[in-house]
Amino acid sequence: MEYRFSEIEERVKNFWKEKNIYRVGNAESGKPKFYVLDMFPYPSGAGLHVGHPLGYIASDIYARFKRMKGFNVLHPMGMDSFGLPAEQYAIQTGQHPVITTEQNIATFKRQMDQLGFSFDWTREVRTSDPKFYKWTQWIFIQLFQSWYNNSTNKAEKIDSLISEFEKNGNKNISAATDQSEIFSADGWKSFSAKQKSDVLLNYRLAYIADSWVNWCPALGTVLANDEVKDGVSERGGYLVERKLMKQWSLRITAYADRLLQGLNDLEWSDSIKEAQRNWIGKSEGASVKFKIAEAHSTLLRRGAGGEEEKNSDEEKSPGYLSGDTTIASHLLKFAKENRRNPTEAEEFLWEEIRNRKLVDKFRRQHLIEKFVVDFVCLEKRLIVELDGAHHKSNKEYDEARTKILSELGYKVLRFWNEDVLKKTKKILDIISAELRLRDSVLTLNPSPKERETDADDLISINISIEVFTTRPDTIFGVTFLTLAPEHELISHITTDAQRKAVEEYVTYAKNRSERERMTDVKKITGVFTGAYAVHPFSGKQIPVWIGEYVLASYGTGAVMGVPGHDSRDYGFAKHFNLEIIEVVSGGDISKEAFEEEGVNVNSSFLDGLKTADAKKKSIDEIEKLGIGKRKINFKQRDAIFGRQRYWGEPIPIYYNEEGIPNTVDEKDLPVLLPEVDKYLPTENGEPPLARASNWKYKGKYNFEQTTMPGWAGSSWYFLRYEDPNNEKDFVSKDAINYWQNIDFYIGGAEHSTGHLLYFRFWTKFLFDLGLIPFDEPAKRLVNQGMIQGVSQKICKWGAAFVKGPDEDLGEKMAITNGIYYKHGDTLLLCQMKNQSHIFYSADMIALFPNIFKINATPGEVLFAKANNIIPPEKILTPSNIPVEFINDESGLEFKKFIDWYKVFNKLNANIDGHDKKFLLDYENTVFACEGGYWKYQNGEFAFEKLAGGSSVFKNFSIVEKMSKSKYNVVNPEDMVSKYGADCFRMYEMFLGPIEMSKPWDTKGIDGVSRFLRKLWKLFYDDNGNWSVTSEAATTEELKILHKAIKKTEDDMEKLSFNTSVSSFMICVNTLTELKCHKAEVLKDLLLILSPFAPFTTEFLWREMKQEGSIVAAAFPKVREDLLVENSFEYPVAVNGKTKTKITFPLDKEILEIEKEILATDAIQKILDGKQPKKVIVIKGRMINVVV
RNA sequence: ACCGGGAUGGUGGAACUGGUAGACACGCAGGACUUAAAAUCCUGUCGCCCGAAACGGCGGUGCGGGUUCGAUUCCCGCUUCCGGUACCA
């Protein structure tokens, strides 16, 4: 027969199905196990594109190879089926995400099966399947019920912590915790249930806390730091704002050190390991407090009515302080000193509140910024103040105070003491009503404005600034301190003289976008606060500055400036002319900062010490003075775990009558996603699950309303494949003991700091609880490169012409920073990479007077900062258009494109991203082309000519990530129907090393297609007749075969699939030349090819009447004896340049070779009578004659 | 800016631990078969030079140095591209 791949694929598929060939058993197979896993895909609506299969093909080849090598191979596939796109689609269409997801999965599976992957679909897992997420929820419960014991360095059950509390309080506990104050066993026992719960939350690995998050109002959800790019959401580009919310978080920081250490033993790529190390970002050093000189300490007004109660929250739990934490302790002490007896009214109202006549939690005598207020509900930002008679005389002060608190976002209710006692119910009603009105989710207000102070009411407080440093040894080199512009103490220490400058600078820094900071890194900015700090050892006064190079989010938001030994401090000091002192010798600090280690000088008691010793000594001294301590800082922060979304796993938590979070009973799992009317957040900003009616636990308790993030299911899914249908356990002991962890994991490098960290974290946690026998999920990890698409772009709003006077400037800028094409001598520039500058020609400016609103002389080049002249949305942007409208000869088929464009427009009003704008206003869009513009006029697009231009449209292409929104997706189905699955598989492998990214290009696929037909011809002659013979093979033929076997086997472990494909080609080419149709050779050839081309080889295997399926056959053994050569053709070089080749037996003595070589004519001729200095002979390699 | 990985013919790429640079393909050119096309097959294909040819000469793996008998491979200094991180004190 002829090579008809579609028929072959059909028949082979049926055969495999009949035989259930890919079913994988467990230990009963008696074989050693091998676990090969792909990162499972999110089943998007676009289906698979040619980039997806790259990793799947590689892992499939590897899995098939391992199977042939006698392993019981687990090679499953599943779906990461919770995610935002399905939810977005549901929001737009009202269709339940279950339905969309189901449809998408069906497409994905069909496409995968076409490619002949050896997945055992009976082991499929889907993260959105309740049978699966039941166990995701179960693991969450385990996290909630655990704490991290630093003494044993592992997670333990929370019960062990509670029993320790009962015995000794928390003084002996060393834990990963937010709990900072100590309590005794009696203290613990005296706590209320709510208090106990709050304390335990500070220890649990899954905990709830108020935290600042990135809130995206448009998506109605919280985004992780790595999902926010340049202040907008990565997906969709919506604005993101900082907001304070109650959030479920996972205490991954407890594992920071182990996640770091564990990397050393993994067979992962260096780049991924390095990325994880940097992400965790461990640095060792010290924290040091610098006192602000007395004269600059702020004078603070004492709080009105500020009574301090012994058992107030502040004392027990500083974690709840909402005041300025640095001055808090001083203020609290002050409040105590000025204690007065609580008024009857206060006592009374407190009792009323405590008896839970009000739902929300109130705190008493709480510190807010600089005031102690009587009662406050932090969640709703409601303050209740009670005034006695003496306050009546102080009206102005109260008003000022109320004003400041309102600016902070608080509502202040003020009542007379007498009224509280007489009209209790009414007052409680007012408070309740106010509480109901206030949103529990609050936006941060701008920093409080300073208020006028009244000298009579001032007190003086000592302020100190805490810094973190990795070089405490350079402490004598400190000549200034720098604070982040956001630093909370700035307003307290700034002198009046500097206040204006500081305010201006802080405003400037706040308005600086990420992008601006990115583009001018070298720019040094800062301002002096006017205040001085005192050096703890020398007593010298050192200025305190503010600089945007200091980040508020890392360390303490303040650094000690050591310009001699830190390059950023050096730049800052040079720029502002600050003192630079050398304290470590070895460099030349007049030129640059010396950051290496050396010997201390000018450093008092550290003089003469080497850096390492100086570090130690300096920290010892710092600790002695009580102004700081040894400290390890991590960049990594705890992972926020709650999402304000519908399409995710519900968090298995409910709240009891007292508002205490409890876990749902295991027997009640899974907590199913409730039905809702809409998939949007509620009008009050509550998550979508709040829409569910009658969704109560045990009929009365409220469930947690946020859901888990996308990475929850993927953090443990690999375990479930081992035992996918177990209803009693997340995975059985038997299965886990047999299959263990992943031997070979493959996926994209973009998950290096997300999924790959969380998945290691969960594995370590499950290991700590003794649930699994290993603490790393994947032994070997390979990252496949991205297959990029070639997108076609056109320019809207026309393009810019760059002409003289400085041709170079135009061309160079365009080539390195933007996308361009040339039109004669004119460079047509479409977009600058950083978008900060765009060239426009005067012609263009003249053409669009309404856009540019400036005058220009024809021929002039305008070098314009885009946002100065044109509103940002009018900036010229290239836009992607579907590849199918591009004709190789004539460029864009404009009419066709426009027809599509109009229709598409109407259908896709809700498309994400910046293309949305492009698609929505085609009537206002102008398309640039060679020599003119297409403009929309009178209901049609018409061409408007510039002088001498043609109307041929010029598109241009660019290589970028394949994605639906870029219209550059190549569907594997098209490739499969055109060339066959085997050809597609082999071609993707032949493209190059799998780790490398490359653009998709079908140019070379014909070569692979020819190869398969050549292979076929070894089996069938030109007339389609079977031509395989049973003759014995010659040694030559066997040699060729075994060379290929050896090469394939070696390449397999290196995953060098591109070179194995070429060795198959060599083998088939040679066998064709030799006219070899011998079964003895062809049988083994099919075997080594079968991992790559499973359909064709299985078919021919059956035709050869071989036993069983080729999938289950053994990989052929290499006959090394055939590969041993007894002679070698030596390249002979003179001075390293190859001149000739001579063959010698391999066992010939080196000395003899030397002799003979020198005697040959060729060498004699080159030597030309000269004596060789030296002859180098390396057996089986080469010969070099040195003259 | 830092971290990681690259840069080899017209193109994708190959070259084991320092040992014949350009395997295997694509494309291109010429030829065979064919009425023709497709398909297939054969020949050539890093550049320059000499020549009828050569198993001739010279140069050549981003650039500049170095180590070595010998460097695509190792070292130093750059340029540039891709990916990651975001001034981490």
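For the side-chain contact (heavy atoms from CB on, under 4.5 Å) with A/Ile746, the lone residue among A/Ile994, A/Asn783, A/Leu781 that qualifies is A/Ile994.
Rounded to whole angstrom, the span from the CD1 atom of A/Ile1066 across to the C1' atom of B/G22 amounts to 13 Å. The interatomic distance linking A/Tyr979 (OH) with B/A25 (C1') rounds to 14 Å, in whole Å. Atom NZ of A/Lys635 and atom P of B/C3 are 12 Å apart (whole Å). As a whole-Å value, the separation of A/Asn783 CG from B/G4 C1' is 12 Å. Taking atom CD on A/Glu284 and atom P on B/A89, their separation rounds to 12 Å, with Å as the unit. Computed from coordinates, the A/Asn278 CG to B/A89 P distance equals 11 Å when rounded to whole Å. In this structure, A/Ile272 atom CD1 and B/U85 atom P are separated by 11 Å, rounded to whole Å.
Residues from residues 1042-1052 of chain A lying near RNA chain B, meaning a heavy-atom separation below 4.0 Å, are absent.
The side chain of A/Trp279 lies closest to B/U85 when the candidates are B/C87, B/A14, B/U85.
Residues satisfying the salt bridge (Lys or Arg N to Asp or Glu O under 4.0 Å) criterion with A/Glu995, sequence neighbours excluded, are absent altogether. Looking at residues two or more places apart in sequence or on another chain, you find no salt bridge (Lys or Arg N to Asp or Glu O under 4.0 Å) involving A/Arg1010. Remark: A/Trp711 pairs with A/Phe641, A/Tyr758 by the ring-ring contact (aromatic ring centres under 6.0 Å, His included) rule, at least two apart or across chains. Under the rule for a salt bridge (Lys or Arg N to Asp or Glu O under 4.0 Å), the partners of A/Asp566 that lie at least two apart in sequence or sit in another chain are A/Arg568. When the salt bridge (Lys or Arg N to Asp or Glu O under 4.0 Å) test is applied to A/Arg1013, no partner is found at least two apart in sequence or on another chain. Among residues two or more places apart in sequence or in another chain, the ring-ring contact (aromatic ring centres under 6.0 Å, His included) test is passed with A/Tyr987 by A/Trp1000. Legend: residues meeting ring-ring contact (aromatic ring centres under 6.0 Å, His included) with A/Tyr3, ordered by chain and number and at least two apart, are A/Trp1016. A/Phe1064 meets the ring-ring contact (aromatic ring centres under 6.0 Å, His included) test with A/Phe1092; sequence neighbours excluded.
Taking atom C1' on both nucleotides, B/G10 is separated from B/G64 by 28 Å, rounded to a whole Å. Between B/A32 and B/A38, the two P atoms lie 15 Å apart (nearest whole Å). Between B/G22 and B/G27, the two P atoms lie 22 Å apart (nearest whole Å).
In this structure, the ring of A/His565 has its center no less than 6.0 angstrom from the ring center of A/Tyr570. Ring centroid separation for the pair A/Phe480 and A/Phe572 comes in under the 6.0 Å cut-off.
A/Asp1051 and A/Thr1059 share a side-chain donor-acceptor pair at under 3.5 Å. Under 3.5 Å, the side chains of A/Thr525 and A/Glu548 contain a donor-acceptor pair of N or O atoms.
In this entry the base of B/G70 is anti relative to its sugar, with a glycosidic angle more than 90° from 0.
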Summarise protein proximity over nucleotides 16-21 of chain B in one line of letters, 5' to 3': B for base, S for sugar-phosphate only, - for none, counting protein heavy atoms closer than 4.0 Å. BB-BBS
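Along RNA chain B, the nucleotide nearest to A/Gly281 and the one nearest to A/Asp1006 differ in position, and the one closer to the 5' end is contacted by A/Asp1006. Mapping A/Ser1056 and A/Asp566 onto RNA chain B by nearest heavy atom places A/Ser1056 at the nucleotide closer to the 5' end.
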Table of protein N/O atoms under 3.5 Å from nucleotides 11-13 of chain B N/O atoms:
from	atom 1	to	atom 2	distance (Å)
B/G12	O2'	A/Leu991	O	2.7
B/G13	O3'	A/Asn1058	ND2	3.4

Pairs: protein N or O with nucleotides 39-45 of chain B N or O, under 3.5 Å:
from	atom 1	to	atom 2	distance (Å)
B/U40	OP1	A/Arg1013	NH2	3.3

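Residue A/Thr1059 has no polar side-chain atom (N or O) positioned under 4.0 Å from OP1 or OP2 of B/C24.
Among the heavy atoms of the strands lying under 4.0 Å from A/Val1186 are primed sugar atoms or P, OP1, OP2 only; no base atom is included.
For A/Asp1050 and A/Lys1046, the salt-bridge test passes: some basic side-chain N is under 4.0 Å from an acidic carboxylate O.
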